[in-house]
Amino acid sequence: MRKTLSFLFLLSAAVFYNAQTTKEEITSDLRNTGGVYLAYPTPTQKLTAVPSGYQPFYISHYGRHGSRWLINEKDFSGVMGILKKAATNNALTETGKSALQRLEKIWIQAEGHNGDLTELGALQHKQISQRMIKNNPQAFEGNAIVTAKSTVVPRCILSMAYFSNEIMAYNPKVNLTMESSDKYMKYLNHHTKESIDFRAGDNFWQEEKRKFRQDHFQTGRFIKNLFNNDDYVYKNINPEKVMEAFYWIASDMQNLETDISFYDLFTKDEIFNIYQSVNYQTYVNDGPSPLSKGLVKNNAAPLVKNILAEADDYIKNNKKGASLRFGHDGNIIPLLAFLNIEGMNREEADPKNVYKVWNTFQAAPMAANLQMIFYRNKKDDILIKLLHNEKEVHIPVQTDSFPYYHWQDVRTYLETLTKSL
């Protein structure tokens, strides 16, 4: 029976791992094309019941910061200045004038915000924390010990605070500490010199990326829709720069809880093609691309060692609580690939096919998270379940009761992954 169940697990895992994403799936909701700017989707999957006799006692977590503004206010003001200048030269179409008016309205809020957490970003972490507590109340009761650590970036620190405050509200007696320090960057935000060099502009893969990007920025219709004077455009406008600026602005509107949208400026093909280019770059920079030969995903090794060490401490010392960690998309994406989380480790060398096997909006939307839930019974047997964005996921470890794995099997697997790194 066990062999049959193991075979069925491998078969079902293979189906999950090899499923392909279509253009139609991505563009069915244009917010998906924002990639890492997708606002965190509220989970709808029903979680599998905990095996009889087991209770959650510990959670090991890594979360990306919540929804944020664009990294630099100039991402708004730059293109707004371009359109204002065109307006003074009577070079804008009615659509161009409308786009400028919308930019000016958003600018009232955007000015001074450089990658800051938005109100929606705060809410995301509050709600993720609330669901974590609701699903695992025993881990946070009584004398629970919760440690929360974040990178030194303000949006991560605030995400940690909003998340942690919900735990304190649930149990004011919990022993909870929050820290943000360079001390923890060596595993919360680790990047080797080799992986940084791999991303450099003169590396071997950059020319193919440049040509792929060039092929996917079809600016003709888009620019004519904004500007009414070809001569003015020829002398004053960088079409690709303007189109990309509006792509990022359109993508970020979902993180601001505003009714303003810029998706009407694009056709579905235009925005999908830009997404392909952006998705490919993230895949190679941070994901499981075969071009990096493991350099990038191996950045997660110190984090996995920390996960192991803290889990061992809680288990050995019979503690309950949680280890909460907060960072960035460039940290959780390598972690997912390194651990071979379902669908997050797939390799594809052809840029044209990357979106079919790997997508940023699935891997690391705003507030993306990986949760490892530990359960114990009276015989001191320990099970673990992994959630990616609060969905139960497979890892390549044998189990006869998915989504639950025996901790000793998972521990051995994690030790094997990190042994030579």
Side-chain angles (χ1 to χ4, degrees), residues 50-63 128-151 160-161 163-188 190 300-327 331 335 338-339 369-387 395 397 399 401 403-419 421:
V50 179
S52 177
Y54 288 83
Q55 285 192 347
F57 70 95
Y58 173 60
I59 300 170
S60 188
H61 155 279
Y62 193 96
I128 294 169
S129 182
Q130 289 166 3
R131 289 190 292 269
M132 179 185 283
I133 296 165
K134 181 181 178 182
N135 294 329
N136 311 283
Q138 298 90 338
F140 298 100
E141 292 175 349
N143 61 346
I145 299 171
V146 177
T147 62
K149 297 181 174 67
S150 90
T151 67
M160 172 178 67
F163 196 109
S164 299
N165 285 345
E166 295 304 310
I167 298 173
M168 290 296 296
Y170 173 74
N171 178 12
K173 295 181 180 180
V174 70
N175 183 349
L176 190 151
T177 58
M178 287 187 279
E179 294 183 84
S180 173
S181 170
D182 287 331
K183 179 180 178 67
Y184 308 116
M185 295 291 277
K186 60 187 177 183
Y187 65 85
L188 289 177
H190 176 70
L303 176 55
V304 175
K305 290 177 181 178
N306 174 261
I307 289 171
L308 277 167
E310 297 205 10
D312 285 347
D313 175 56
Y314 272 79
I315 292 168
K316 179 181 177 182
N317 294 297
N318 200 31
K319 298 192 295 186
K320 60 181 176 181
S323 299
L324 308 175
R325 309 169 185 88
F326 298 85
N331 309 126
L335 175 63
F338 187 80
L339 295 180
N369 58 91
L370 180 69
Q371 301 178 27
M372 303 171 72
I373 320 292
F374 289 71
Y375 306 83
R376 178 187 267 139
N377 67 6
K378 291 181 179 179
K379 296 180 180 179
D380 214 29
D381 183 50
I382 296 174
L383 300 178
I384 181 175
K385 175 171 71 174
L386 290 89
L387 303 178
I395 54 173
V397 174
T399 181
S401 56
Y404 298 95
Y405 297 85
H406 291 283
W407 168 238
Q408 280 305 320
D409 294 338
V410 175
R411 190 183 188 287
T412 299
Y413 170 65
L414 298 182
E415 281 192 320
T416 301
L417 286 176
T418 59
K419 186 161 60 173
L421 298 170

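None of the values given here were measured: they were computed from a predicted structure.
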(message) Would you say that Lys149 contacts Leu324 through its side chain, given a criterion of any heavy-atom pair below 4.5 Å between the two side chains?
(response) no

Pair Asn136, Arg131: side-chain N/O donor-acceptor within cut-off below 3.5 Å | no

Please evaluate residues Thr177 and Val146 with respect to the criterion side chain to side chain contact (heavy atoms under 4.5 Å, CB included), reporting the C-alpha separation (whole Å), side-chain torsions for both, the decisive distance (0.1 Å), and the verdict. CA-CA 7 Å; Thr177 58; Val146 177; over 6 Å; no

Nearest heavy-atom contact between Lys186 and Pro302 is O-CB, 3.6 Å

**Lys419/Glu415 ion pair, N-O < 4.0 Å** = no

* To do: Measure the shortest side-chain to side-chain distance between Lys305 and Leu414 over non-hydrogen atoms and say whether it is less than 4.5 angstrom.
  => no

Any donor-acceptor N or O pair under 3.5 Å, side chains Gln130, Tyr170 = no

Closest non-hydrogen contact found for Leu386 with Tyr405 is CD1-CD1, 4.3 Å

Rounded to the nearest 0.5 angstrom, the CD1-NE2 distance for Ile373 and His61 is 9.5 Å

Axial cation check for Tyr62 ring with Arg325, 6.0 Å and 45° limits
no

Smallest heavy-atom separation, Ala144 atom then Ala139 atom, equals CB-O, 3.4 Å

*asked:* Checking Leu387 against Lys385 for the side chain to side chain contact (heavy atoms under 4.5 Å, CB included) test, could you report, in this order, the C-alpha distance in whole Å, the side-chain angles of both residues, the deciding distance, and whether it holds?
replied: CA-CA 7 Å; Leu387 303 178; Lys385 175 171 71 174; 4.1 Å; yes

Value for CD1 (Ile145) from CZ (Phe140), rounded to nearest 0.5 Å, stands at 13.0 Å

Sub-4.5 Å side-chain heavy-atom contact between Tyr54 and Ile382: no

Working for side chain to side chain contact (heavy atoms under 4.5 Å, CB included), residues Arg376 and Leu383:
CA-CA 6 Å; Arg376 178 187 267 139; Leu383 300 178; over 6 Å; no

Min side-chain heavy-atom separation Leu417-Val304 under 4.5 Å:
no

Measuring only between side-chain heavy atoms, which start at C-beta, is Glu141 closer than 4.5 Å to Lys320? yes

dist Asn165:CG -> Met160:CE (nearest 0.5 Å) comes out at 10.0 Å

Smallest heavy-atom separation, Leu188 atom then Asn331 atom, equals O-CG, 3.2 Å

Rounded to the nearest 0.5 angstrom, the OG-CD distance for Ser129 and Glu166 is 5.5 Å

By side-chain hydrogen bond (donor to acceptor under 3.5 Å, both in side chains), Gln55 pairs with (sequence neighbours left out) none

* Asked: Are Ser180 and Thr151 close enough that some pair of their side-chain heavy atoms sits under 4.5 Å apart?
  -> no

Ring centres under 6.0 Å, that's the criterion: do Tyr58 and Phe374 meet it?
yes

Tightest non-hydrogen contact, residues Thr418 and Ala301, listed as CG2-O, 4.1 Å

Rounding to 0.5 Å, atoms OG (Ser323) and CD1 (Ile307) come to a distance of 9.0 Å

Can you tell if the side chain of Met372 reaches within under 4.5 Å of the side chain of Ile59, non-hydrogen atoms only?
no

Using the rule given for side chain to side chain contact (heavy atoms under 4.5 Å, CB included), can you reason through Ile384 versus Tyr404, listing the C-alpha separation, both sets of side-chain angles and the distance that settles it, and then say yes or no?
CA-CA 6 Å; Ile384 181 175; Tyr404 298 95; over 6 Å; no

Rounded to the nearest 0.5 Å, the OH atom of Tyr187 sits from the CG atom of Leu303 at a distance of 8.5 Å

Contact between Asp409 and Thr399 at the side-chain level, heavy atoms closer than 4.5 Å - yes or no? no

Correct closest heavy-atom pair for Met178 and Ala161 would be SD-CA, 3.8 Å

Exercise. Can you label the angle between the Phe326 ring and the Phe163 ring as parallel, tilted or perpendicular, going by 30° and 60°?
Key: perpendicular

Taken in chain and number order and not counting sequence neighbours, the residues that satisfy salt bridge (charged side-chain N to carboxylate O under 4.0 Å, His left out) with Asp381 are none

Q. Looking at Tyr314, does the NZ or CZ of Lys319 lie under 6.0 angstrom from its six-membered ring centre and within 45 degrees of the ring axis?
A. yes

